[in-house]
Amino acid sequence: MRVFWILFTAEWRHFKAARGLVLLTSLVLLVGLYGIYYGTTEIGRQRQHLAELPALAHHNVEELKTKFPEPADAGEIGYYHTTFAVHHPTPWASLSLGQRDVNPYYVKLRLLGLQGQLYASENVNPAKVLSGNFDLAFVLVYLFPLLIIALSFNLLSSEKEQGILPLLLAQPVSAALVVGAKLAFRLALVLGLALVLSGVAMLWARVPLDGRVGLWLALVMLYCLFWFGLAFLVTGLQRNSAFNAVALVGLWLVLVVLVPGLLNVYVSAARPVPQGIELTVKQREEIHGGWDKPKTETMNRFFALYPQWRDTTTIKEHFVWRWYYAFQHLGDQSVQPLAVAYTDGLRQRYELVNRLNWLSPAINAQTSLNALAGTDLPTHLAFQRSATRYHDTLRAFYYPYLFRQVAFTHADYAKEPTHTFTSSSEISTTIRGLGKLLVSLGVVYAAGLLLFRARPINPR
Amino acid sequence: MTYILEAKDLRKQYPDKLALQGLNLQIEAGEVFCLLGQNGAGKSTTINLFLGFVQPTAGAAYINGLEVASNALRIKQYLAYIPENVMLYPHLTGLENLALFSSLAGFKYKESELLAYLAQAGLPVEAVQRRVGTYSKGMRQKVGIAIAVAKHAKVLLLDEPTSGLDPKASNEFSELLRQLSQQGTAVFMATHDIFRAKEVGTRVGIMREGELVDVRPTALLNANELEQLYLHYMH
């Protein structure tokens, strides 16, 4: 232990003397802090938008009260009244934005057909989407491995190339202890950095102090250990520093760029998802076609779904709102199989990626962190289901006014249901991710140990 | 009798070359054994086998009665090594390098003691606090000597240790070896320098193509005779 500590502290002195590495480590620290700022700012912006929505809805109600000062037809109100289905983030979302930048975090809803509204969202800058999020998870998953490579590519080759190793190993010090102390120092440095950044991010985001803190730290720690394991494995080949650097950067490219790219292509081909435009066109055709269909046919189809309204007054007028909303809803019903196929397809793709993410610990870590932060696809789909249920509730609220032909008074606005949905962490996905990382870790370290055992270190 | 350093039928076969063929050698405490031979004769391989840096194909090397191959770590408590070209951590000073290597060897010296070892090795006082990156080869060699001396080893393994030293420093090193030998340290030195071998050695061995072809006590030869003997084997 004494010798280990001597080697460990010596590594600190070597590190301090290597200005390039000090600079790089400082840069990663700054980049990590920027990632925290980026994530918290983005979630802060989303929270601010969500906080403004009740005021917007209230303003809309006030406008309607002015427009309709007397009790009015609920159909008119349902047509003009805007309400919102809102998706509140967990505090963890600041650390790992996941899909919160591409999927809408609120849906503006009227009493019209749902499907046309569910996918309507603000335009986002496609160039920004292409570049992705620069949150803490990005820094940890994609940039930390590069820092680990820069710190560890010459783990032993440096001493060998400088000619120090023979003198070092002529002391009563085993090569394994030298490698172990070097790895331990780098590990302490990188994990310390990851811990500081995670701690700052958690404090800034005010995450609740529960088991998820441990899960986040365990994921980050195992992921960093995996990359150190790769450095250990490559060191075991006992090649020169240039070879080690090229091999490790090559592995980074394979695991962080190539495998995710290929996996994306494979998953897209293996789990085709119906085009969203197909769904939109079909729904619009159905709704627009509704104007030309006999009202009796439309209403009979609607009453088959909602027999409780069958005994309401027969429609004789050219236009009535309950008929209008009936064919709006039938438009939704007509694309229901497509909508289900679309969300099922997305879920199947997600599940396939989750099954295959052992191929790339980077994907595994990213999906696990997103699941922990509640910013992954299943969370978004859960929000969509919640928004759909909310739309059903809205319809259920308005239908008695429409079918019983009850006038909508100013007091009724306050009775309208509201919606809220808050992400929750997918702990089981995170724990599965941890398990896979542990297996990856076991494989690389076992391979490294076998290599060192098969080829004892030659100091020359 | 337990020899400080011993080789029994020690053999090293590389894929393309037989580097050492059946070396048998015993060196006692206080003895200075100088191994002469051309480049590639097997001198460095012999040292590497005693250091445990390479594994023998057959036979065994012993340090202080312990087989090197199966006691790789323990035997290093008993030996010190000075390579032909001592390389140290360039960003540390000579003093810091000596402190680091001594602490790895299990010695914790005061600064005054470290300075004394460096002075004994002949390193100028003004250089001890300078980064080793600014040192000449000879100065690094002197720090290497200080590291070896500070280890108080039973065996000194030296591979062309005076390479890079000026004649004065070489003489001082020879004197140091004599002192250590008188204190009971066994010295095994691979060298090309016949005159240095004659000067400090108690025995001299000549190695050719991995074989120890002759061993003589230096007391029975003068420098010229040793040179003639060496040349005889080299032709």
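Excluded from the calculations below are hydrogen atoms, water molecules and symmetry mates; all remaining heavy atoms, backbone and side chain alike, are included. Letters A, B, ... mirror the listed sequences (proteins, then strands); counts begin at 1.
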Do any N or O atoms from the side chain of A:R13 and from the backbone of B:H91 form a donor-acceptor pair under 3.5 angstrom? no

Side chain from CB out, backbone as N, CA, C, O: work out which of these in B:Q55 comes under 4.5 Å of a heavy atom of chain A, or both, or neither. neither

For B:L92, is it the side chain, the backbone, both or neither that has a heavy atom under 4.5 Å from a heavy atom of chain A? side chain

Take a 6.0 Å sphere around CZ of A:R19 and say whether it holds more than 12 heavy atoms from other residues, nucleotides or ligands. no

Region of B:I147 that comes under 4.5 Å of a non-hydrogen atom in chain A: side chain

Just checking B:E209: does its CD atom have more than 12 heavy atoms from other residues, nucleotides or ligands closer to it than 6.0 angstrom? no

Backbone N or O of A:V173 within a donor-acceptor pair of the B:K76 side chain at under 3.5 Å? no

Only pairs of heavy atoms separated by less than 4.5 Å count here; which of A:G163, A:A17, A:A18, A:A170 has the most with chain B? A:A170

Under a 4.5 Å cut-off applied to non-hydrogen side-chain atoms, are B:L88 and A:L167 in contact? yes

Student check: side-chain heavy atoms of B:L104 and A:P172 closer than 4.5 Å: no

For A:P459, is it the side chain, the backbone, both or neither that has a heavy atom under 4.5 Å from a heavy atom of chain B? side chain

Where A:S174 and B:L73 come nearest, the two heavy atoms and their spacing: N-CD1, 3.3 Å

Let me know if B:L51 has heavy atoms under 4.5 Å from chain A in its side chain, its backbone, both or neither. side chain

Side chains of A:I6 and B:F101 in contact at under 4.5 Å (non-hydrogen atoms): no

Heavy atoms only, distances under 4.5 angstrom: which of B:A105, B:G52, B:A72 has the most pairs with chain A? Name it, please. B:A105

Just wondering, are more than 12 heavy atoms of other shown residues or ligands nearer than 6.0 Å to CZ in A:R239? no

Do A:Q171 and B:Y81 have side-chain N/O donor and acceptor atoms under 3.5 Å apart? no

Does B:Y109 OH have over 12 foreign heavy atoms under 6.0 Å away? yes

Taking atom CZ as the centre, does B:R130 end up with more than 12 heavy-atom neighbours from other residues, nucleotides or ligands that are less than 6.0 angstrom away? yes

Side-chain touch A:I457/B:F53, heavy atoms, less than 4.5 angstrom: no

Atom CH2 of A:W204 with >12 non-hydrogen neighbours under 6.0 angstrom: yes

